[in-house]
Amino acid sequence: MLDLKYVVANAEAVKQNCRDRNVPAAVIEDLDRAVALEAERKAAFHRVEETRRRQNEVAQATGKERDPVKRGLLVEEGKQLKAAAAALEDQLRKLDAGIHDRLRRIPNLTHPDAPIGQTEDDSKEIRTVGVPRAFDFPVRDHVEIGKTLDLIDFETGGKVSGTGFYFLKNDAVLLDLALQQFAMNRLIAAGFTPVITPDLARNSILEGIGFTPRGVETQVYSIENTDLSLVGTAEITLGGMLADTLLDESALPLKYVGLSHCFRTEAGAAGRASRGLYRVHQFTKVEMFAFTTPETSGEMHALMLAIEEELFQALGVPYRVLDICSGDLGGPAYRKFDLEAWMPGRGAAGEYGEVTSTSDCTDYQARRINIRYRPAGQKGTRLVHTLNGTALALSRAIIAVLENHQRADGFIDVPDVLRPYVGKDVLGRR
RNA sequence: GGAGAGGUGGCUGAGUGGUCGAUAGCGACGGUUUGCUAAACCGUUAGACUGGGAAACCGGUCUCGGGGGUUCGAAUCCCCCCCUCUCCGCCA
């Protein structure tokens, strides 16, 4: 959520930002409406405050008054004020709600260096690292590899849980666990505090982080008869950890690395590019999350990107880095970098596919979930900045490892860095 | 799941209808004393929103887990929810 005062003072710039970010026209109309309502709200607010001030005054005077007649008069005035206040407060509540509902649909501002554009094709490739391997044998995709080596079972997943679910078996289990430990250890070495988070969270937390649990297009699984939902990412639980917290500046930055399962309905996403493990309803993810001062969030964003790159370099997987364009940013992101890993089995002759994403959300989430800090040597408090980044999404990392390290004999070489965790050098051998 | 006890400021902890945004202690910050440190003493010390002012500063409203209610007036009484602790039950 943006600061309402900022929106009012910079309405044109915020509108242009909305257009750049490809939000529906209705949101821009909402913005105008919110700005208009704010003037009304302010007036209503002053009326309510004035009434309450008088109420407090009368109530205090009543307590001190010993003369029964005068006291009776004060009580009478108090009753009238009470009725008046109720009506005014009701009006104010409606205005507040009207503004808030509209304000929360407005996306975050956009980093001046982020490319402006409407679709993912407008995102800017910053660099390509590693060279896709030349295979001297027919390349198999991870679905075929998974089936041949009895590593991934989509059919049984479908039978037991439905399309989009799968069973990992045999060495794929070792690979999954190894990747988790590998990522965790790298992040711990970088000073991140490891956390295993709940896989369910309250809807209020989901909303604070910027997810919408309800509605037709929701990507979120909700638990019936509760106010809980399955998390789509540990970003929700990691960010929620510090909801309603006032920190000392000396505590910042706070860096966490969380492990959780992730659940996504992926409504309407079936089809072409989502074969196999690429787009599934459940996967495991190692996620980075940081709370920083406003001055240092850019630096932290660079650190997260560097860590993501380091992880994929270590796994021997070629990738490219994208600076995501305005129109393809999610609501809370001020700037976002994606890593796309080379997946030799994807498409006709291999394609890059998204494996990580790191966003600087500035104060957009912090304002909603109320995370502040006291600046050292200054009065008052400021909102923190929040950032998140994928360390490893297991499902997609598994695709990248299986497809890039497949061998002519059909087995899979284990990347050196994973061997201590996997406990073997080659996957799939019986 | 059942029974009971609780949730108060950065922390601990008083406060059972008006003078309470709140006693006290700790911590932190500023000062006095001091060769330095410690101790002692004095003072300051919640947040959000908002009015006036160039500012220093001076006002107002809200917040005692959250939401509703009773009342002229609620930290205090009532209802619902959330959370914590103890005991019992169940359970990996």
Side-chain angles (χ1 to χ4, degrees), chain A residues 1-9 34-35 37-100 103-104 196-208 213 222-229 236-237 240-252 254 261 291 294 363-384:
Chain A
M1 192 166 67
L2 291 178
D3 179 15
L4 179 58
K5 272 186 288 189
Y6 181 89
V7 173
V8 170
V35 170
L37 284 176
E38 169 59 4
E40 275 184 61
R41 189 200 65 83
K42 259 185 149 159
F45 181 73
H46 287 303
R47 283 195 296 276
V48 167
E49 278 204 332
E50 180 52 27
T51 308
R52 287 207 276 234
R53 188 194 60 73
R54 181 61 192 154
Q55 267 186 296
N56 289 339
E57 205 170 76
V58 168
Q60 288 217 347
T62 311
K64 289 182 186 134
E65 186 54 66
R66 293 287 146 240
D67 178 343
V69 176
K70 288 183 181 167
R71 195 183 166 97
L73 288 173
L74 285 170
V75 169
E76 193 47 45
E77 183 180 359
K79 284 187 183 177
Q80 285 170 13
L81 286 167
K82 191 179 170 182
L88 289 170
E89 279 168 14
D90 191 54
Q91 193 185 19
L92 180 61
R93 235 193 313 276
K94 283 184 182 133
L95 286 166
D96 267 334
I99 290 167
H100 188 258
L103 189 62
R104 45 169 302 161
I196 294 179
T197 85
D199 290 337
L200 280 75
R202 292 181 198 284
N203 291 327
S204 60
I205 298 288
L206 286 262
E207 281 160 19
S222 288
I223 309 294
E224 208 173 350
N225 299 325
T226 71
D227 74 333
L228 295 172
S229 293
I236 293 162
T237 41
M241 275 198 304
L242 293 185
D244 293 314
T245 304
L246 182 57
L247 301 159
D248 272 321
E249 179 167 359
S250 60
L252 299 174
L254 284 167
H261 296 110
F291 305 87
D363 60 7
Y364 192 89
Q365 294 174 325
R367 183 170 292 107
R368 280 252 279 271
I369 53 176
N370 188 28
I371 308 179
R372 303 173 169 272
Y373 74 98
R374 293 179 202 277
Q378 279 178 55
K379 272 185 160 180
T381 60
R382 299 171 77 194
L383 292 164
V384 301

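FYI, side chains are in, hydrogens and waters are out, and symmetry mates aren't considered; it's all heavy atoms of this structure. Numbers restart at 1 for each chain; the letters A, B, ... are given by sequence-line order, proteins then strands.
Put simply, CG on A/Leu95 is 19 Å from P on B/C49, counting in whole angstrom units. Rounded to an integer number of Å, the gap from A/Asp248 CG to B/U45 P is 18 Å. In this entry the distance linking CD of A/Glu89 with C1' of B/G68 reads 13 Å, nearest Å. The CG-P distance, from A/Leu247 to B/G47, rounds to 14 Å in whole Å. Summarising the geometry, the separation between CD1 on A/Ile371 and P on B/G47 is reported as 18 Å, rounded to the nearest angstrom. To the nearest angstrom, P of B/U19 lies 12 Å from CZ of A/Arg66. Between A/Arg93 atom CZ and B/G67 atom P there is a gap of 11 Å when expressed in whole angstrom units. Atom CG of A/Asp3 and atom C1' of B/A48 are 12 Å apart (whole Å).
Using atom C1' as the reference point in both B/A22 and B/C58, the two lie 23 Å apart (nearest Å). Straight-line distance between the C1' atoms of B/A75 and B/C64: roughly 5 Å, to the nearest whole Å. Across B/C87 and B/A24, the matching C1' atoms stand 33 Å from one another, rounded to whole Å. Using P as the reference atom, B/A5 and B/G21 are 29 Å apart when rounded to the nearest Å. Comparing B/U76 with B/G18, their P atoms sit 12 Å apart, to the nearest whole Å. Taking atom P on both B/A39 and B/G59, the two are 36 Å apart, rounded to the nearest angstrom. If you take atom C1' in B/G15 and the same atom in B/U19, they sit 15 Å apart, rounded to whole Å. For the P atoms, the distance linking B/C26 with B/G17 amounts to 30 Å, nearest Å.
Side-chain atoms of A/Thr245 come within 3.5 Å of backbone N or O of A/Ala243 as a donor-acceptor pair. Under a 3.5 Å cut-off, the side chain of A/Arg71 and the backbone N or O of A/Glu65 do form a donor-acceptor pair. A side-chain donor-acceptor contact under 3.5 Å links A/Asp199 to the backbone of A/His261.
With no hydrogens or angles considered, a side-chain donor-acceptor pair links A/Asp244 and A/Asn370 at under 3.5 Å.
For the side-chain contact (heavy atoms from CB on, under 4.5 Å) with A/Ile371, the lone residue among A/Leu246, A/Leu242, A/Leu254 that qualifies is A/Leu242.
Not one side-chain nitrogen or oxygen of A/Arg374 sits closer than 4.0 Å to the OP1 or OP2 atom of B/U45.
Using N1 to N3 plus N6-O4 or O6-N4 for Watson-Crick, or N1-O2 and O6-N3 for G-U wobble, each under 3.5 Å, B/A55 pairs with nothing. Pairing of B/A74, defined by two Watson-Crick or G-U wobble distances under 3.5 Å, is not identified with any nucleotide. In this entry B/C85 has B/G4 as its Watson-Crick or G-U wobble partner, both defining distances falling under 3.5 Å. B/U32 is paired with B/A40 under the Watson-Crick or G-U wobble criterion, all donor-acceptor distances under 3.5 Å. B/A92 is unpaired under the criterion used here, namely a Watson-Crick or G-U wobble arrangement in which both key atom distances are under 3.5 Å. Using Watson-Crick or G-U wobble geometry with both donor-acceptor distances under 3.5 Å, B/U61 finds its partner in B/A48. Pair assignment for B/C26 gives B/G10, based on Watson-Crick or G-U wobble hydrogen-bonding distances that are each under 3.5 Å.
Annotation: side-chain contact (heavy atoms from CB on, under 4.5 Å) contacts of A/Asp3 (sequence neighbours excluded): A/Lys5, A/Tyr6, A/Arg367. In this structure A/Glu207 satisfies the salt bridge (charged side-chain N to carboxylate O under 4.0 Å, His left out) test with no other residue, sequence neighbours excluded. Evaluation of the salt bridge (charged side-chain N to carboxylate O under 4.0 Å, His left out) rule for A/Glu77 yields A/Arg54 as partners, not counting sequence neighbours.
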Would you be so kind as to tabulate the donor-acceptor pairs closer than 3.5 Å made by side chains of residues 84-93 of chain A, with sequence neighbours excluded?
residue: A/Glu89; atom: OE2; partner: A/Arg52; partner atom: NH1; Å: 2.9
residue: A/Asp90; atom: OD2; partner: A/Lys94; partner atom: NZ; Å: 3.1

What does the B/S/- profile of nucleotides 70-85 of chain B look like, 5' to 3', with a 4.0 Å heavy-atom cutoff to protein? -BBS--------SS--

The contact string for nucleotides 57-62 of chain B, one letter per nucleotide 5' to 3', using protein heavy atoms under 4.0 Å with B, S and - for base, sugar-phosphate only and none, comes out as ---BBS

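Here the closest non-hydrogen pair linking A/Val69 and A/Asp67 is N-OD1, 2.9 Å. A pairwise comparison of heavy atoms in A/Pro213 and A/Ser222 identifies O-OG, 3.8 Å as the closest pair.
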